[in-house]
Amino acid sequence: YPVDRAAGDENNSMELIQQYLENYYNLGKDVKPFVRRRDSGPVVEKIREMQKFLGLEVTGKVDSDTLEMMRRPRCGVPDVGD
Amino acid sequence: FTTFPGMPKWRKTHLTYRIMNYTPDLPRDAVDSAIEKALNVWKEVTPLTFSRTDEGEADIKISFAVRDHGDFNPFDGPGNVLGHAYPPGPGIYGDAHFDDDEQWTRDTSGTNLFLVAAHELGHSLGLFHSADPSALMYPVYNVLADLARFHLSQDDVNGIQSLYGRPPSDSSNDPVVPTESVPPGPGTPAACDPTLSFDAISTLRGEILFFKDRHFWRKSLRTLEPGFYLISSFWPSLPSGLDAAYEETSKDIVFIFKGNQFWAMKGTEVQAGYPKGIHTLGFPPTVRKIDAAVFDKEKKKTYFFVEDKYWRFDEKRQSMEPGFPKQIAEDFPGVDSKVNAAFEAFGFYYFFNGSSQLEFDPNAKKVTHVLKSNSWLNC
(Lines give C-alpha, C1' and ligand atoms only; values in the text may rest on other atoms or scores of the structure.)
Protein backbone atom coordinates (compact mmCIF):
# COMPACT_ATOMS: atom_id res chain seq x y z
CA TYR A 1 0.00 0.00 0.00
CA PRO A 2 1.31 3.52 -0.59
CA VAL A 3 2.78 4.71 2.66
CA ASP A 4 0.17 6.81 4.40
CA ARG A 5 2.04 10.07 4.60
CA ALA A 6 0.17 11.34 7.64
CA ALA A 7 0.86 8.10 9.48
CA GLY A 8 4.51 8.38 8.46
CA ASP A 9 4.75 11.92 9.74
CA GLU A 10 2.97 10.90 12.88
CA ASN A 11 5.44 8.10 13.47
CA ASN A 12 8.36 10.51 12.97
CA SER A 13 6.88 12.98 15.41
CA MET A 14 6.23 10.30 18.00
CA GLU A 15 9.80 9.10 17.67
CA LEU A 16 11.08 12.68 17.98
CA ILE A 17 8.98 13.24 21.09
CA GLN A 18 10.02 9.99 22.73
CA GLN A 19 13.70 10.70 21.95
CA TYR A 20 13.49 14.30 23.19
CA LEU A 21 11.85 13.35 26.49
CA GLU A 22 14.35 10.54 27.05
CA ASN A 23 17.33 12.78 26.24
CA TYR A 24 16.35 15.89 28.15
CA TYR A 25 13.56 15.03 30.60
CA ASN A 26 14.65 11.74 32.04
CA LEU A 27 11.84 9.72 30.48
CA GLY A 28 12.69 6.08 31.16
CA LYS A 29 13.69 4.21 28.03
CA ASP A 30 11.45 1.37 29.09
CA VAL A 31 8.33 3.52 29.10
CA LYS A 32 5.69 2.18 26.65
CA PRO A 33 5.60 4.00 23.31
CA PHE A 34 3.81 7.23 23.47
CA VAL A 35 0.00 6.91 23.41
CA ARG A 36 -1.47 10.05 21.93
CA ARG A 37 -5.03 9.90 23.24
CA ARG A 38 -4.18 9.40 26.91
CA ASP A 39 -4.53 12.45 29.16
CA SER A 40 -2.27 11.16 31.85
CA GLY A 41 0.66 8.81 32.33
CA PRO A 42 4.42 9.27 32.41
CA VAL A 43 4.79 10.55 28.87
CA VAL A 44 2.06 13.16 29.27
CA GLU A 45 3.63 14.23 32.57
CA LYS A 46 7.00 14.63 30.89
CA ILE A 47 5.44 16.66 28.10
CA ARG A 48 3.93 18.97 30.70
CA GLU A 49 7.31 19.24 32.43
CA MET A 50 9.04 20.10 29.15
CA GLN A 51 6.38 22.65 28.16
CA LYS A 52 6.65 24.34 31.56
CA PHE A 53 10.46 24.46 31.52
CA LEU A 54 10.69 25.88 28.00
CA GLY A 55 7.96 28.45 28.54
CA LEU A 56 5.28 26.84 26.34
CA GLU A 57 1.55 26.54 27.13
CA VAL A 58 1.28 23.53 29.44
CA THR A 59 -1.26 21.26 27.73
CA GLY A 60 0.28 17.79 28.04
CA LYS A 61 -0.46 17.44 24.32
CA VAL A 62 2.06 17.63 21.49
CA ASP A 63 0.78 20.69 19.69
CA SER A 64 2.62 22.40 16.83
CA ASP A 65 4.44 24.84 19.15
CA THR A 66 5.78 21.95 21.17
CA LEU A 67 6.88 20.05 18.07
CA GLU A 68 8.47 23.18 16.65
CA MET A 69 10.40 23.76 19.89
CA MET A 70 11.64 20.14 19.82
CA ARG A 71 13.07 20.71 16.36
CA ARG A 72 15.05 23.84 17.30
CA PRO A 73 18.83 23.55 17.71
CA ARG A 74 19.84 23.29 21.36
CA CYS A 75 22.41 22.18 23.91
CA GLY A 76 22.82 18.45 24.41
CA VAL A 77 22.87 18.69 28.22
CA PRO A 78 19.57 17.50 29.79
CA ASP A 79 17.13 20.05 31.24
CA VAL A 80 16.32 18.06 34.35
CA GLY A 81 17.60 15.10 36.36
CA ASP A 82 21.04 13.89 37.02
CA PHE B 1 18.68 29.09 36.91
CA THR B 2 19.67 25.63 38.14
CA THR B 3 22.95 24.04 39.11
CA PHE B 4 23.86 20.42 38.48
CA PRO B 5 22.54 17.93 41.04
CA GLY B 6 24.94 17.95 44.00
CA MET B 7 26.05 21.46 42.97
CA PRO B 8 29.50 20.56 41.65
CA LYS B 9 31.76 23.61 41.34
CA TRP B 10 35.48 24.37 41.04
CA ARG B 11 37.25 24.63 44.40
CA LYS B 12 39.71 27.18 43.03
CA THR B 13 39.22 30.47 41.19
CA HIS B 14 42.04 30.20 38.65
CA LEU B 15 41.21 27.69 35.93
CA THR B 16 43.15 26.47 32.92
CA TYR B 17 41.66 25.76 29.52
CA ARG B 18 43.01 24.07 26.40
CA ILE B 19 41.65 24.07 22.87
CA MET B 20 42.32 20.48 21.80
CA ASN B 21 41.46 20.87 18.11
CA TYR B 22 39.85 23.28 15.65
CA THR B 23 36.84 23.33 13.36
CA PRO B 24 37.61 23.76 9.65
CA ASP B 25 34.76 26.30 9.51
CA LEU B 26 36.76 29.15 11.03
CA PRO B 27 40.35 30.49 11.16
CA ARG B 28 42.09 29.25 14.31
CA ASP B 29 42.42 32.74 15.74
CA ALA B 30 38.68 33.25 15.34
CA VAL B 31 38.11 30.15 17.47
CA ASP B 32 40.70 31.37 20.00
CA SER B 33 38.99 34.74 20.13
CA ALA B 34 35.46 33.30 20.50
CA ILE B 35 36.53 31.03 23.37
CA GLU B 36 38.43 33.84 25.11
CA LYS B 37 35.40 36.13 24.82
CA ALA B 38 33.08 33.40 26.06
CA LEU B 39 35.24 32.91 29.17
CA ASN B 40 35.38 36.68 29.67
CA VAL B 41 31.61 36.74 29.94
CA TRP B 42 31.82 34.63 33.14
CA LYS B 43 35.08 36.18 34.33
CA GLU B 44 33.44 39.60 34.43
CA VAL B 45 30.84 38.60 37.00
CA THR B 46 32.82 36.23 39.25
CA PRO B 47 36.24 35.98 40.97
CA LEU B 48 37.19 33.37 38.32
CA THR B 49 40.21 33.88 36.07
CA PHE B 50 41.30 31.70 33.14
CA SER B 51 44.61 30.97 31.51
CA ARG B 52 45.17 29.00 28.35
CA THR B 53 47.54 26.08 28.02
CA ASP B 54 48.46 24.33 24.79
CA GLU B 55 49.75 21.06 26.21
CA GLY B 56 49.02 18.52 28.91
CA GLU B 57 46.02 18.50 31.19
CA ALA B 58 43.65 21.45 31.67
CA ASP B 59 40.56 21.97 33.80
CA ILE B 60 38.44 22.78 30.74
CA LYS B 61 39.32 20.94 27.51
CA ILE B 62 37.52 22.28 24.45
CA SER B 63 37.13 20.12 21.34
CA PHE B 64 35.17 19.76 18.11
CA ALA B 65 33.82 16.34 17.14
CA VAL B 66 31.15 14.60 15.09
CA ARG B 67 28.83 11.69 15.91
CA ASP B 68 30.37 9.21 18.37
CA HIS B 69 33.37 10.86 20.02
CA GLY B 70 34.09 8.57 22.93
CA ASP B 71 31.92 9.91 25.72
CA PHE B 72 28.79 7.80 25.18
CA ASN B 73 26.99 10.98 24.14
CA PRO B 74 27.28 10.89 20.35
CA PHE B 75 26.39 13.98 18.35
CA ASP B 76 23.58 13.80 15.84
CA GLY B 77 24.73 15.42 12.61
CA PRO B 78 23.69 18.87 11.43
CA GLY B 79 21.10 20.70 13.55
CA ASN B 80 19.48 19.61 16.82
CA VAL B 81 22.31 19.14 19.32
CA LEU B 82 24.99 21.85 18.87
CA GLY B 83 27.26 20.84 21.72
CA HIS B 84 27.41 19.67 25.31
CA ALA B 85 29.63 20.09 28.35
CA TYR B 86 30.34 18.43 31.68
CA PRO B 87 30.10 19.93 35.18
CA PRO B 88 33.24 20.80 37.16
CA GLY B 89 35.51 17.93 38.10
CA PRO B 90 38.52 15.86 37.01
CA GLY B 91 39.13 14.29 33.60
CA ILE B 92 36.23 14.74 31.20
CA TYR B 93 34.43 16.87 33.78
CA GLY B 94 34.59 20.56 32.93
CA ASP B 95 35.16 19.75 29.25
CA ALA B 96 33.09 21.27 26.43
CA HIS B 97 32.43 19.50 23.11
CA PHE B 98 31.09 21.17 19.96
CA ASP B 99 29.34 19.29 17.13
CA ASP B 100 31.45 19.86 14.03
CA ASP B 101 28.53 18.90 11.83
CA GLU B 102 27.24 22.42 12.56
CA GLN B 103 28.43 25.38 10.46
CA TRP B 104 30.36 27.40 13.05
CA THR B 105 30.48 31.13 12.28
CA ARG B 106 31.72 34.40 13.73
CA ASP B 107 28.40 36.06 12.96
CA THR B 108 24.86 34.69 12.96
CA SER B 109 24.82 33.43 9.37
CA GLY B 110 25.47 29.94 10.80
CA THR B 111 25.77 28.76 14.40
CA ASN B 112 27.58 31.47 16.31
CA LEU B 113 30.52 29.91 18.13
CA PHE B 114 30.84 32.63 20.75
CA LEU B 115 27.21 32.28 21.89
CA VAL B 116 27.25 28.47 22.08
CA ALA B 117 30.67 28.49 23.76
CA ALA B 118 29.51 30.97 26.40
CA HIS B 119 26.55 28.64 27.12
CA GLU B 120 28.59 25.41 27.22
CA LEU B 121 31.27 27.01 29.40
CA GLY B 122 28.49 27.95 31.78
CA HIS B 123 28.01 24.20 32.21
CA SER B 124 31.76 23.69 32.60
CA LEU B 125 31.56 26.10 35.55
CA GLY B 126 28.59 24.33 37.14
CA LEU B 127 25.42 25.90 35.76
CA PHE B 128 22.66 23.59 34.56
CA HIS B 129 19.88 24.92 32.27
CA SER B 130 17.66 27.91 32.97
CA ALA B 131 13.93 28.17 32.27
CA ASP B 132 14.35 31.90 31.58
CA PRO B 133 14.09 32.32 27.78
CA SER B 134 16.24 35.48 28.00
CA ALA B 135 19.03 33.65 29.84
CA LEU B 136 22.21 32.47 28.15
CA MET B 137 21.68 29.15 29.96
CA TYR B 138 18.26 28.57 28.35
CA PRO B 139 18.73 25.24 26.55
CA VAL B 140 17.40 26.24 23.12
CA TYR B 141 19.70 28.26 20.81
CA ASN B 142 18.36 31.79 20.42
CA VAL B 143 19.88 33.55 17.43
CA LEU B 144 20.69 37.07 18.62
CA ALA B 145 19.69 39.57 15.95
CA ASP B 146 22.51 41.79 17.07
CA LEU B 147 25.52 40.08 18.68
CA ALA B 148 26.70 43.46 19.83
CA ARG B 149 23.77 43.58 22.23
CA PHE B 150 24.68 40.29 23.88
CA HIS B 151 24.73 40.43 27.67
CA LEU B 152 24.17 37.95 30.50
CA SER B 153 20.68 38.01 31.96
CA GLN B 154 20.29 38.70 35.67
CA ASP B 155 19.30 35.02 35.98
CA ASP B 156 22.68 33.95 34.56
CA VAL B 157 24.51 36.34 36.90
CA ASN B 158 22.51 35.14 39.91
CA GLY B 159 23.25 31.53 38.97
CA ILE B 160 27.00 31.82 38.56
CA GLN B 161 27.34 34.07 41.61
CA SER B 162 25.42 31.53 43.68
CA LEU B 163 28.38 29.22 42.98
CA TYR B 164 31.36 31.62 43.07
CA GLY B 165 30.20 34.94 44.50
CA ARG B 166 30.81 38.38 43.00
CA PRO B 167 34.03 39.65 41.43
CA PRO B 168 36.53 41.06 43.96
CA SER B 169 36.24 44.82 44.42
CA ASP B 170 40.01 45.36 44.15
CA SER B 171 41.09 47.72 41.38
CA SER B 172 43.98 45.63 40.09
CA ASN B 173 41.65 43.74 37.77
CA ASP B 174 38.68 45.99 37.42
CA PRO B 175 38.77 49.66 36.55
CA VAL B 176 37.78 51.55 39.67
CA VAL B 177 34.91 53.68 38.54
CA PRO B 178 33.02 56.01 40.85
CA THR B 179 29.85 54.31 41.96
CA GLU B 180 27.46 57.10 41.12
CA SER B 181 26.73 57.75 37.51
CA VAL B 182 26.33 61.37 36.35
CA PRO B 183 22.61 62.21 36.09
CA PRO B 184 21.62 63.44 32.63
CA GLY B 185 20.78 67.13 32.54
CA PRO B 186 21.58 70.43 30.82
CA GLY B 187 25.18 70.51 29.61
CA THR B 188 25.45 66.74 29.43
CA PRO B 189 25.03 64.86 26.12
CA ALA B 190 21.86 62.78 25.78
CA ALA B 191 22.53 59.10 25.05
CA CYS B 192 19.48 58.74 22.82
CA ASP B 193 19.86 61.96 20.88
CA PRO B 194 19.62 60.68 17.28
CA THR B 195 22.28 63.16 16.22
CA LEU B 196 24.73 61.98 18.91
CA SER B 197 28.32 61.52 17.71
CA PHE B 198 31.36 60.44 19.71
CA ASP B 199 34.83 61.93 20.10
CA ALA B 200 36.51 58.58 20.70
CA ILE B 201 35.65 54.97 21.63
CA SER B 202 37.74 52.23 23.21
CA THR B 203 37.26 48.83 24.75
CA LEU B 204 38.53 48.35 28.29
CA ARG B 205 38.77 44.86 29.84
CA GLY B 206 35.69 43.59 28.04
CA GLU B 207 33.71 46.82 28.36
CA ILE B 208 33.28 49.65 25.84
CA LEU B 209 33.86 53.34 26.65
CA PHE B 210 32.14 55.99 24.51
CA PHE B 211 33.78 59.41 25.00
CA LYS B 212 31.94 62.68 24.41
CA ASP B 213 33.18 66.12 25.55
CA ARG B 214 33.84 65.85 29.32
CA HIS B 215 31.94 62.57 29.79
CA PHE B 216 31.88 58.92 28.73
CA TRP B 217 29.36 56.12 28.68
CA ARG B 218 30.60 52.74 29.94
CA LYS B 219 28.90 49.71 28.37
CA SER B 220 29.37 46.29 29.93
CA LEU B 221 28.24 42.88 28.64
CA ARG B 222 26.60 42.21 31.97
CA THR B 223 24.25 45.18 31.98
CA LEU B 224 21.86 46.55 29.42
CA GLU B 225 22.06 50.12 30.69
CA PRO B 226 25.40 51.89 30.25
CA GLY B 227 26.85 53.99 33.08
CA PHE B 228 27.60 57.69 32.43
CA TYR B 229 30.62 59.38 34.04
CA LEU B 230 32.89 62.40 33.96
CA ILE B 231 36.24 61.56 32.36
CA SER B 232 37.90 63.50 35.19
CA SER B 233 36.30 61.27 37.84
CA PHE B 234 38.01 58.31 36.24
CA TRP B 235 41.21 59.84 34.81
CA PRO B 236 41.77 63.27 36.50
CA SER B 237 44.85 64.14 34.42
CA LEU B 238 43.18 63.66 31.04
CA PRO B 239 41.76 66.56 29.01
CA SER B 240 38.18 66.47 27.71
CA GLY B 241 37.15 66.51 24.05
CA LEU B 242 39.41 63.58 23.13
CA ASP B 243 40.34 62.71 19.55
CA ALA B 244 40.94 58.94 19.66
CA ALA B 245 41.39 55.96 21.99
CA TYR B 246 42.20 52.27 21.69
CA GLU B 247 42.96 49.32 23.95
CA GLU B 248 46.08 47.26 23.33
CA THR B 249 44.50 44.20 24.90
CA SER B 250 47.65 42.09 25.13
CA LYS B 251 49.24 44.83 27.31
CA ASP B 252 46.00 45.78 29.15
CA ILE B 253 46.72 49.41 28.24
CA VAL B 254 44.34 52.05 26.83
CA PHE B 255 46.01 54.75 24.70
CA ILE B 256 44.21 58.11 24.65
CA PHE B 257 44.89 60.81 22.03
CA LYS B 258 44.27 64.56 22.02
CA GLY B 259 45.95 66.96 19.63
CA ASN B 260 49.59 66.02 19.15
CA GLN B 261 49.81 64.18 22.51
CA PHE B 262 48.83 60.74 23.78
CA TRP B 263 48.59 59.05 27.17
CA ALA B 264 48.85 55.38 28.25
CA MET B 265 46.47 54.23 30.98
CA LYS B 266 46.40 50.93 32.88
CA GLY B 267 43.02 50.82 34.61
CA THR B 268 42.96 54.24 36.28
CA GLU B 269 46.76 54.63 36.40
CA VAL B 270 48.53 56.95 33.96
CA GLN B 271 51.72 55.17 32.89
CA ALA B 272 55.00 56.96 33.68
CA GLY B 273 56.55 59.01 30.88
CA TYR B 274 53.24 60.10 29.37
CA PRO B 275 51.91 62.16 27.67
CA LYS B 276 54.19 61.67 24.68
CA GLY B 277 54.11 63.39 21.27
CA ILE B 278 52.26 61.49 18.54
CA HIS B 279 55.25 61.98 16.25
CA THR B 280 57.20 59.56 18.44
CA LEU B 281 54.97 56.88 16.86
CA GLY B 282 56.33 57.76 13.42
CA PHE B 283 53.75 60.22 12.08
CA PRO B 284 55.07 62.95 9.76
CA PRO B 285 55.00 66.54 11.09
CA THR B 286 52.05 67.27 8.76
CA VAL B 287 49.82 65.13 10.99
CA ARG B 288 48.58 67.37 13.77
CA LYS B 289 45.98 65.04 15.35
CA ILE B 290 44.47 61.56 15.07
CA ASP B 291 40.79 61.11 14.23
CA ALA B 292 40.39 57.49 15.41
CA ALA B 293 42.36 54.36 16.29
CA VAL B 294 41.59 50.66 16.61
CA PHE B 295 43.77 47.68 17.63
CA ASP B 296 43.72 44.46 15.58
CA LYS B 297 44.34 41.86 18.28
CA GLU B 298 44.86 39.02 15.82
CA LYS B 299 47.59 40.82 13.85
CA LYS B 300 48.85 42.91 16.81
CA LYS B 301 48.66 46.04 14.65
CA THR B 302 46.96 49.37 15.31
CA TYR B 303 45.18 51.32 12.59
CA PHE B 304 45.31 55.12 12.95
CA PHE B 305 42.79 57.13 10.95
CA VAL B 306 43.55 60.71 9.83
CA GLU B 307 41.12 62.42 7.43
CA ASP B 308 40.55 60.00 4.51
CA LYS B 309 43.77 58.02 5.09
CA TYR B 310 45.07 55.49 7.59
CA TRP B 311 48.41 54.33 8.96
CA ARG B 312 49.27 50.86 10.34
CA PHE B 313 51.44 50.61 13.46
CA ASP B 314 53.21 47.35 14.38
CA GLU B 315 52.75 47.00 18.15
CA LYS B 316 55.36 44.28 18.42
CA ARG B 317 58.07 46.24 16.58
CA GLN B 318 56.71 49.51 17.99
CA SER B 319 57.04 51.19 14.62
CA MET B 320 54.85 52.56 11.84
CA GLU B 321 54.75 50.21 8.87
CA PRO B 322 56.18 51.28 5.49
CA GLY B 323 53.79 51.87 2.58
CA PHE B 324 51.42 54.03 4.62
CA PRO B 325 49.33 56.14 4.68
CA LYS B 326 46.80 54.49 2.39
CA GLN B 327 43.28 55.54 1.47
CA ILE B 328 40.88 54.11 4.07
CA ALA B 329 38.49 52.87 1.36
CA GLU B 330 41.34 50.91 -0.26
CA ASP B 331 41.52 48.37 2.57
CA PHE B 332 38.12 48.99 4.20
CA PRO B 333 35.76 48.99 1.20
CA GLY B 334 32.56 50.88 1.98
CA VAL B 335 34.20 53.05 4.62
CA ASP B 336 34.30 56.05 2.33
CA SER B 337 34.12 58.91 4.76
CA LYS B 338 36.27 60.19 7.55
CA VAL B 339 36.29 58.03 10.71
CA ASN B 340 35.95 59.94 13.95
CA ALA B 341 35.85 56.93 16.31
CA ALA B 342 36.40 53.17 16.02
CA PHE B 343 36.62 49.97 18.05
CA GLU B 344 36.60 46.18 17.58
CA ALA B 345 34.13 43.72 19.13
CA PHE B 346 33.12 40.15 18.32
CA GLY B 347 35.59 40.11 15.42
CA PHE B 348 33.98 43.11 13.70
CA TYR B 349 35.24 46.70 13.40
CA TYR B 350 32.81 49.51 14.18
CA PHE B 351 33.59 52.78 12.39
CA PHE B 352 31.78 55.93 13.49
CA ASN B 353 31.20 59.06 11.46
CA GLY B 354 28.89 61.63 13.02
CA SER B 355 25.61 60.02 14.04
CA SER B 356 26.06 56.85 12.02
CA GLN B 357 28.21 53.77 12.45
CA LEU B 358 29.41 51.08 10.04
CA GLU B 359 29.90 47.47 11.14
CA PHE B 360 32.78 46.09 9.05
CA ASP B 361 33.66 42.38 8.68
CA PRO B 362 37.46 42.23 8.18
CA ASN B 363 37.27 38.73 6.74
CA ALA B 364 34.54 39.40 4.22
CA LYS B 365 36.15 42.85 3.80
CA LYS B 366 32.78 44.52 3.61
CA VAL B 367 30.37 46.68 5.57
CA THR B 368 27.78 44.31 7.09
CA HIS B 369 25.52 46.80 8.92
CA VAL B 370 24.85 50.53 9.02
CA LEU B 371 23.62 51.60 12.46
CA LYS B 372 22.96 54.72 14.50
CA SER B 373 26.02 55.71 16.49
CA ASN B 374 24.19 55.35 19.79
CA SER B 375 22.83 51.84 19.05
CA TRP B 376 25.10 50.50 21.83
CA LEU B 377 23.50 52.71 24.47
CA ASN B 378 20.28 50.69 24.56
CA CYS B 379 18.20 53.44 22.95
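Basis for what follows: all heavy atoms, side chains included, without hydrogens, waters or symmetry-related copies. For clarity, every value in this text was computed on a predicted model and none was experimentally measured. Letters go in sequence order (proteins before strands), and every chain restarts at 1.
In terms of heavy-atom pairs under 4.5 Å with chain A, the best-connected choice from B:Pro87, B:Ser130, B:Pro133 is B:Ser130.
Of the atoms belonging to B:Glu102, not a single heavy atom falls under 4.5 Å from chain A. The contact between B:Tyr138 and chain A is made entirely by side chain atoms (from C-beta outward), counting heavy-atom distances below 4.5 Å. Neither the backbone nor the side chain of B:Thr2 has a heavy atom closer than 4.5 Å to any heavy atom of chain A. Interface residue B:Asn142: backbone and side-chain heavy atoms are both found under 4.5 Å from chain A.
Considering SG of A:Cys75 and CE of B:Met137, their distance stands at 6.5 Å, rounded to 0.5 Å.
Minimum interatomic distance between A:Pro73 and B:Leu82 (heavy atoms only, all atoms of both residues): CB-CD2, 3.7 Å. Nearest heavy atom pair, residue A:Arg71 against residue B:Asn80, reads O-OD1, 3.8 Å. The shortest heavy-atom contact between B:Phe128 and A:Asp79 is CE2-O, 4.0 Å.
In this structure, B:Arg28 places its CZ atom where only 12 or fewer heavy-atom neighbours from other residues, nucleotides or ligands lie under 6.0 Å away. Counting heavy atoms of neighbouring residues, nucleotides and ligands inside a 6.0 Å radius, atom OH of B:Tyr93 does not exceed 12 of them.
No side-chain heavy atom of A:Val77 sits less than 4.5 Å from a side-chain heavy atom of B:Pro139.
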* To do: Output, in order, the C-alpha distance, side-chain angles, deciding distance and verdict of side-chain contact (heavy atoms from CB on, under 4.5 Å) for A:Arg74 and B:His129.
  => CA-CA 11 Å; A:Arg74 57 160 290 153; B:His129 281 145; 3.5 Å; yes
